[in-house]
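Encoded as C-alpha cells, the structure appears first; notes follow it.
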2 protein chains.
Amino acid sequence: MSLTELLPITDLNDCCAPITREPMKADGAEKLARSLKALADPARLRLLSIVASHEDAEACVCDLTEPLGLSQPTVSHHLKVLVSAGYLNREKRGTWAYYSLAPHALETVSGLLGDL
Amino acid sequence: MSLTELLPITDLNDCCAPITREPMKADGAEKLARSLKALADPARLRLLSIVASHEDAEACVCDLTEPLGLSQPTVSHHLKVLVSAGYLNREKRGTWAYYSLAPHALETVSGLLGDL
DNA sequence: CGCTTATATTGACAATCGTCAATGCAATAG
DNA sequence: CTATTGCATTGACGATTGTCAATATAAGCG
C-alpha cells in the first residue's frame with residue numbers, strides 16, 4: 001500500500017451514489033479498495049479494537065506493542081497505515097503518542113459495503 | 001491470499017462477541033481480515049457491484065470481462081476469490097457459469113465493522 | 001551538556017498478490 | 001467424430017506487503 005496516496009475516509013462519501021444500482025466506477029472502486037486494504041490485516045484490526053476498548057478510546061504505542069506480540073517498529077508502521085487511511089487520529093503529548101478512533105470512519109466504510 | 005484457507009462468511013459470526021467492548025482475539029481478527037482482503041481489490045468490488053446491479057442479480061463471466069478491461073483468466077481468478085470468501089455463489093448451466101450475490105455476506109462483514 | 005525513554009524511519013527480506021499468455025477441460029453445434 | 005465456444009487452471013513475472021534489526025529523532029531528566 002502506498003502511504004502517500006491514501007485518502008481520508010471522508011473522500012469515500014462520493015465514491016458512488018448511495019442508492020443507485022449502477023455498477024461502481026473504476027475510480028470509486030479504487031478508493032474503497034484502498035480503505036478496505038488498510039483494514040484488511042489482523043494486526044490492524046486488533047489495533048483498532050484495542051484502541052476502541054480503552055478508556056477514553058485512546059492508547060499510546062506502549063499499550064499496543066505487547067498485546068499484539070509484534071515489534072515496536074511494526075506496530076508504529078500499522079498505526080501509520082491506519083492514520084493515513086483516516087481510521088485513527090494521532091496526538092503527541094510529551095514523549096507519548098496517543099491514538100484515538102476517528103469518529104465516523106468505520107461507519108462510513110461499513111455503510112458503503114451495505115450499499116454495494 | 002491462500003484460497004484453500006478461506007472460510008465462508010457465516011463463520012465470521014463468531015469472530016467476536018457483538019456487544020462487548022473487549023479487544024478482538026487474534027483468531028477472530030484473522031478471520032475478519034481474510035474476509036476483508038477478499039473485498040479489498042478494485043476489480044473484485046466492481047465485480048460484486050456489476051453482479052448486484054444485473055437483472056436477477058446474476059451474471060456470467062462473459063458479462064464481466066469486458067466492463068472490467070481485464071483478461072478472462074484474471075476475471076475468473078477474482079471470481080474464485082469472491083466465491084471462496086462466500087460473497088458470490090456459482091451455478092453452472094450448460095456452457096455458462098452464472099455468479100450471484102450470496103444473500104447476507106456483505107451485510108455480515110459490514111455489521112462486524114460497525115461493532116468494532 | 002549527556003543519558004534515558006518513547007516513538008518513527010530506514011533498509012532488507014521472504015511471502016503474497018494481481019496480471020497475462022498459454023493451455024486444459026466441458027459442453028454444445030455441426 | 002471434429003470444431004467451436006465458455007470458462008478454469010497453470011506458470012511466470014513484477015509489484016506490493018508484513019516483519020524485523022538497526023538507526024534516527026525527539027522529549028524529558030540529571
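Proteins get letters first, then strands, A, B, ... in listed order; numbering begins at 1 in each.
Counting only heavy atoms from C-beta on, B:Ser71 has its side chain closest to C:dC20 among C:dC20, D:dT19, D:dT9. Considering only the side chain of A:Pro73, D:dA22 comes nearest among D:dG18, D:dA22, C:dT7. Among the nucleotides D:dC20, D:dC7, C:dA21, the one closest to the side chain of B:Ser76 is D:dC7.
As rounded to whole Å, 16 Å separates atom C1' of D:dC7 from atom CG of B:Leu68. The distance from atom OH of A:Tyr99 to atom P of C:dT7 is 8 Å, rounded to the nearest whole Å. Separating the NZ atom of B:Lys37 from the P atom of C:dA15 is a distance of 15 Å, rounded to the nearest angstrom. In this structure, B:Leu79 atom CG and D:dG6 atom C1' are separated by 13 Å, rounded to whole Å. Here D:dT9 presents its C1' atom at 15 Å from NE2 of B:His78, a figure rounded to the nearest Å. C:dA21 atom P lies 11 Å from atom CG of B:Leu70, rounded to whole Å. At whole-Å resolution of the value, OH in A:Tyr98 and P in C:dT7 are 8 Å apart. The nearest whole Å value for the distance from the CH2 atom in A:Trp96 to the C1' atom in D:dA26 is 13 Å.
In terms of phosphate contacts, B:Thr95 brings no side-chain nitrogen or oxygen within less than 4.0 Å of OP1 or OP2 of C:dA27. The phosphate of C:dA6 has neither OP1 nor OP2 within less than 4.0 Å of any side-chain N or O from A:Lys92. Between B:Arg90 and the phosphate of D:dA8, there is a side-chain N or O to OP1/OP2 separation shorter than 4.0 Å.
Using a 4.5 Å heavy-atom cutoff, the side chains of B:Leu68 and B:Leu64 are not in contact. Counting heavy atoms from C-beta on, the side chains of A:Leu45 and B:Leu36 come closer than 4.5 Å. A:Leu82 is not listed as a side-chain neighbour of A:Val51, based on a closest heavy-atom distance of 4.5 Å or more.
In this structure, A:Arg93 reaches neither bases nor backbone, as no heavy-atom distance under 4.0 Å exists between it and the strands shown.
Between the side chain of A:Gln72 and the base of C:dA8 there is at least one donor-acceptor pair of N/O atoms closer than 3.5 Å.
Looking at A:Thr108, its side chain does come within 3.5 Å of a backbone N or O of A:His104 through a donor-acceptor pair.
Figure legend: A:Arg90 and A:Tyr98 shown without cation-pi pairing, the cationic atom not lying both under 6.0 angstrom from the six-membered ring centre and within 45 degrees of its axis.
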